[in-house]
Amino acid sequence: MTTSSTDSASTSVPAASSTTPGPASLPDFDDHRTASPRIRIQQLLHANPTLGPLAVLVLAIVAFTFSNPRFFSAPNLSLVLAQVTVIAVLALGQTLIILTAGIDLSVGAIAVFSSILMASLAVKAGLPGPAALATGLLLGTAMGALNGFLVTRIKLPPFIVTLGTLTIFFSLNSVVSNSETIRGADMPALLTWTGTAIPIGTFRLTYGSIIMLLLFALVLFALRNTAWGRHVYATGDDAEAARLAGIRTGRVLLSVYTAAGALYAIGAWILIGRLASASPNVGTDYNLDSITAVVLGGASLFGGRGGVLGTLIGALIVGVFRNGLQLAGVEVVWQGFAIGLLVLVAVSLDQWIRKVRT
């Protein structure tokens with residue numbers, strides 16, 4: 001009798017276990033099937049950060065073209081590209097810093113000060129164009145290196161460092177320029193050469209835009225195909241882990257800020273050609289515009305994720321939205337509202353993508 005009861009108990013347990021999981025597992029299967037497309041999209045965007053910004057750019061171009069056929073005309077597209085060029089170059093330097101989980105608020109100050117110095121040395125000091133240009137480029141690079149030195153050697157947070165140098169460089173800018181604008185007509189032709197356009201049918205491509213595209217190609221190659229590029233991503237993803245792996249993170253950060261300063265100085269040269277002048281009163285929005293382009297391009301503010309192609313797309317998104325809204329007759333204040341909303345959406349999307357499950 002005892003054996004019989006034991007056998008019956010042992011046979012009843014598997015029977016219960018074989019029937020119980022069936023109904024209980026159905027909701028789990030349905031939930032997985034419902035969540036699966038969302039997770040796949042999340043993983044796709046995590047693996048390809050530029051897909052989201054590219055979709056936004058294409059949709060914006062289509063929408064603005066339907067709202068105003070003039071938008072997609074060659075002259076207007078030439079204008080959009082010319083307007084985007086300076087911000088794109090500045091955002092390229094900002095991308096390098098954000099990839100290392102830093103931030104640079106002195107972008108506009110370095111670019112404007114470099115442009116003022118180039119123009120002042122050429123017009124007021126009488127230096128030849130090549131010498132004035134080289135000095136301006138070297139100074140911009142040195143200002144970026146100063147930011148890097150304060151971050152890596154003095155161990156100050158990037159936000160505090162660049163907030164301080166922002167004020168310093170803008171103050172020096174006012175001292176050197178005496179708050180006066182220097183006309184392009186008074187400068188050597190080399191300084192305004194970047195604003196010269198090459199006609200391609202009705203489309204006009206400036207030399208500044210060509211330089212911008214070459215810079216993007218160069219930085220893209222460096223990030224993807226060199227040890228330095230891998231170290232930049234590793235430092236931004238986890239600086240302590242990178243250090244333990246043998247990467248000299250201090251040198252990487254110093255090189256990143258120095259390279260960013262050089263890019264800002266080149267942006268200053270393009271800015272002179274774009275405006276056909278050197279003015280101390282421009283650049284107040286360049287800091288936020290450069291960060292906006294990087295964020296819209298899919299780079300993470302927490303570092304370690306993103307790329308320069310996304311930054312280029314992000315800069316184009318800013319230019320397309322502003323130009324399209326202008327053609328639509330939208331007031332400037334609402335244009336800023338739209339760009340700010342885009343930034344909030346981009347950051348929220350980045351937070352969602354970072355929670356990806358693999």
Checking [X] side chain against [Y] main chain: does a donor-acceptor pair fall under 3.5 Å?
X	Y	result
Thr194	Trp269	yes
Asn68	Arg70	yes
Ser300	Phe302	yes
Tyr233	Gly306	yes
Asn76	Phe72	no
Thr165	Ile168	no

For the residue pair [X] and [Y], establish whether any side-chain heavy-atom pair is separated by less than 4.5 Å.
X	Y	result
Val343	Ile291	no
Leu96	Leu263	yes
Thr135	Leu117	yes
Val318	Ile87	no
Pro53	Ile317	yes
Ser255	His231	no
Leu254	Arg251	no
Arg305	Asp237	no

Of the non-hydrogen atoms in [X] and [Y], which two are nearest, and what is the gap between them?
X	Y	result
Val86	Gly267	CG1-O, 4.2 Å
Ser177	Pro280	OG-CB, 3.4 Å
Gly140	Ala265	CA-CB, 3.9 Å
Ala234	Ile247	CB-CD1, 3.7 Å

Modelled atom types, side-chain donor and acceptor of [X] and [Y], under 3.5 Å:
X	Y	result
Tyr257	Asp104	no
Thr311	Thr95	yes
Ser209	Thr85	yes
Asn147	Thr162	no
Thr181	Asn281	no

Does atom CH2 of Trp334 have more than 12 heavy-atom neighbours, drawn from other residues, nucleotides or ligands, at distances under 6.0 Å? no

Hydrophobic cluster membership, [X] vs [Y], 4.5 Å side-chain cutoff:
X	Y	answer
Leu218	Val308	no
Ile210	Val219	yes
Phe170	Leu288	no
Leu81	Leu327	yes
Ile339	Ile61	yes

Measuring from [X]:[atom1] to [Y]:[atom2], what's the distance to the nearest 0.5 Å?
X	Y	atom1	atom2	result
Arg204	Leu79	CZ	CG	11.5 Å
Phe169	Ser106	CZ	OG	6.0 Å
Ser73	Phe203	OG	CZ	10.5 Å
Leu105	Gln94	CG	CD	7.5 Å
Leu275	Ile182	CG	CD1	13.0 Å
Asn173	Ser179	CG	OG	8.0 Å

Who pairs with Val84 by side-chain contact (heavy atoms from CB on, under 4.5 Å), at least two apart in sequence or on another chain? Val80, Ala88, Ala315, Leu316

Using the salt bridge (charged side-chain N to carboxylate O under 4.0 Å, His left out) rule, collect all pairs that involve residues 314-334, keeping only residues at least two apart or in two chains. Asp289-Arg322

Could you go through the side-chain contact (heavy atoms from CB on, under 4.5 Å) check for Asn225 and Phe221 one step at a time? CA-CA 6 Å; Asn225 300 283; Phe221 176 84; 3.3 Å; yes

Ring pair (Phe, Tyr, Trp, His ring centres under 6.0 Å) evaluation trace for Phe64 with Phe321: CA-CA 8 Å; Phe64 286 127; Phe321 263 81; 5.6 Å; yes

